[in-house]
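Throughout, residue positions are numbered sequentially from 1 according to the sequence presented.
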Amino acid sequence: MIQLALRHDDMTARLRAIWPYAAVVAAIVSFAVGTTVAKSLFPLVGAEGAVTLRVILSAVVLAVIFRPWKARRTGANLWLTVLFGLVLGAMNLTFYLSLRTLPIGVALGIEFIGPLSVALIGARRLSHVLWVALAAAGLLLLLPIAGGGIDPVGAGFAALAAVFWALYIVLGKKLSDFDPGRSLALGMFAAVLVVAPIGIEPLSVPGVLTPTVLGLGLLVAILSSAIPYSLEMAALRHLPRRTFGVMLSLDPAVGALFGLLLLGEMLTGVQWLAVAFIVAASVGAAATSRDPTPKSAIPTDAPA
């Protein structure tokens with residue numbers, strides 16, 4: 001009986017150590033599938049309309065799930081939540097604008113400069129730097145900059161999204177210690193303030209909001225926002241920002257894969273090699289970070 005109890009405790013401890021990493025991977029896959037669905041909405045409502053539909057419906061879904069009106073918070077925490085939401089809205093908007101002219105894998109590759117920077121700032125050991133360097137090498141191979149094959153405007157929007165993605169990680173880390181679900185729900189309503197002035201017009205055209213468009217929009221909201229952001233906020237409570245940032249290097253790889261399978265966006269052999277580098281960096285980061293950051297060790301003085 002004692003041995004069985006010890007085995008049960010050991011298994012429980014292993015699951016507790018593994019689940020934050022599994023949550024991040026599940027969030028990445030959900031986001032990639034949602035992005036391919038969202039891109040199919042572009043011919044119907046444009047990138048601006050698609051992102052606005054996603055954010056509004058996401059806010060509604062998250063409000064139903066987390067009931068943010070029940071949250072009790074200080075004025076400083078409320079302002080932090082609003083700032084987090086504004087950054088979230090700007091990140092979504094600039095990323096969708098980049099998708100108008102860039103394949104999903106390439107757009108995510110440029111955008112990953114944001115979490116890669118967070119990971120580099122948080123590096124403390126040589127192994128940390130090596131994993132970040134491997135991810136960076138993969139990104140350099142992934143992006144067809146040398147051949148001039150990417151649209152500069154799309155690349156510019158993706159670079160802006162990278163800045164907002166880095167801020168999202170920093171602010172999300174701060175909020176993850178305080179009712180993360182309700183913080184996310186409140187933040188999503190703030191995100192509406194960013195996207196609505198730009199995306200409401202294409203959605204207000206008579207006959208645009210058909211049941212098909214609304215259904216696809218709801219699917220995008222669930223797959224691209226409700227599921228991944230909820231999982232990420234939960235995982236951020238237990239993962240260092242550096243580890244979280246490097247694990248997000250899976251995003252370009254998974255995005256490229258689903259872009260190929262669902263949208264027919266082809267990658268070259270060199271770009272698939274880049275994907276392998278990025279995946280290896282994510283696996284290595286997870287393998288060399290055996291002890292998740294305890295709740296009491298979550299940094300509160302990170303730059304915002």
For the atom pair [atom1] ([X]) and [atom2] ([Y]), what is the distance rounded to the nearest 0.5 Å?
X	Y	atom1	atom2	answer
Thr36	Leu260	OG1	CG	11.5 Å
Leu88	Thr81	CG	OG1	12.0 Å
Ile110	Ile113	CD1	CD1	6.5 Å
Ser98	Leu93	OG	CG	10.0 Å
Leu219	Leu41	CG	CG	9.0 Å

Is there a side-chain contact between [X] and [Y] in this structure, where contact means two heavy atoms from C-beta onward sitting under 4.5 Å apart?
X	Y	answer
Glu48	Tyr96	no
Val24	Leu231	no
Asn92	Leu97	no
Leu184	Ser230	yes
Tyr168	Glu232	yes
Pro228	Leu223	no
Thr101	Val153	no
Thr210	Val213	yes

On a heavy-atom basis, which atom in [X] and which in [Y] lie closest, and how many Å separate them?
X	Y	value
Ala32	Val254	CB-CG1, 3.6 Å
Ala50	Ala38	CB-O, 4.2 Å
Ala234	Trp19	O-CH2, 3.7 Å
Leu99	Ala107	CD2-CB, 3.8 Å
Asp251	Phe31	OD1-CD2, 4.0 Å
Gly259	Ile104	CA-CD1, 4.5 Å

So does [Y] get a backbone contact from the side chain of [X], meaning a donor-acceptor N/O pair under 3.5 Å?
X	Y	value
Arg54	Ser224	yes
Ser225	Ile222	no
Thr94	Ala158	no

Single-linkage hydrophobic cluster, 4.5 Å side-chain cutoff, [X] and [Y] together:
X	Y	result
Val208	Val51	yes
Val37	Leu214	yes
Phe42	Val205	yes
Leu218	Val60	no
Phe189	Leu53	no

Just to verify, what does Phe157 make a ring-ring contact (aromatic ring centres under 6.0 Å, His included) with, not counting sequence neighbours?
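With sequence neighbours excluded, Phe157 shows a ring-ring contact (aromatic ring centres under 6.0 Å, His included) to no residue whatsoever.
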
side-chain contact (heavy atoms from CB on, under 4.5 Å), that's the test. Do Leu62 and Met188 meet it? Break it down for me.
CA-CA 8 Å; Leu62 291 172; Met188 192 61 72; 3.9 Å; yes

Checking Leu108 against Phe95 for the side-chain contact (heavy atoms from CB on, under 4.5 Å) test, could you report, in this order, the C-alpha distance in whole Å, the side-chain angles of both residues, the deciding distance, and whether it holds?
CA-CA 8 Å; Leu108 283 171; Phe95 175 64; 3.7 Å; yes

Could you walk me through whether Lys39 and Glu265 pass the side-chain contact (heavy atoms from CB on, under 4.5 Å) test, one step at a time?
CA-CA 12 Å; Lys39 206 164 183 180; Glu265 295 178 344; 2.7 Å; yes

Verdict with supporting geometry, Leu203 and Val45, side-chain contact (heavy atoms from CB on, under 4.5 Å)
CA-CA 6 Å; Leu203 295 179; Val45 296; 3.9 Å; yes

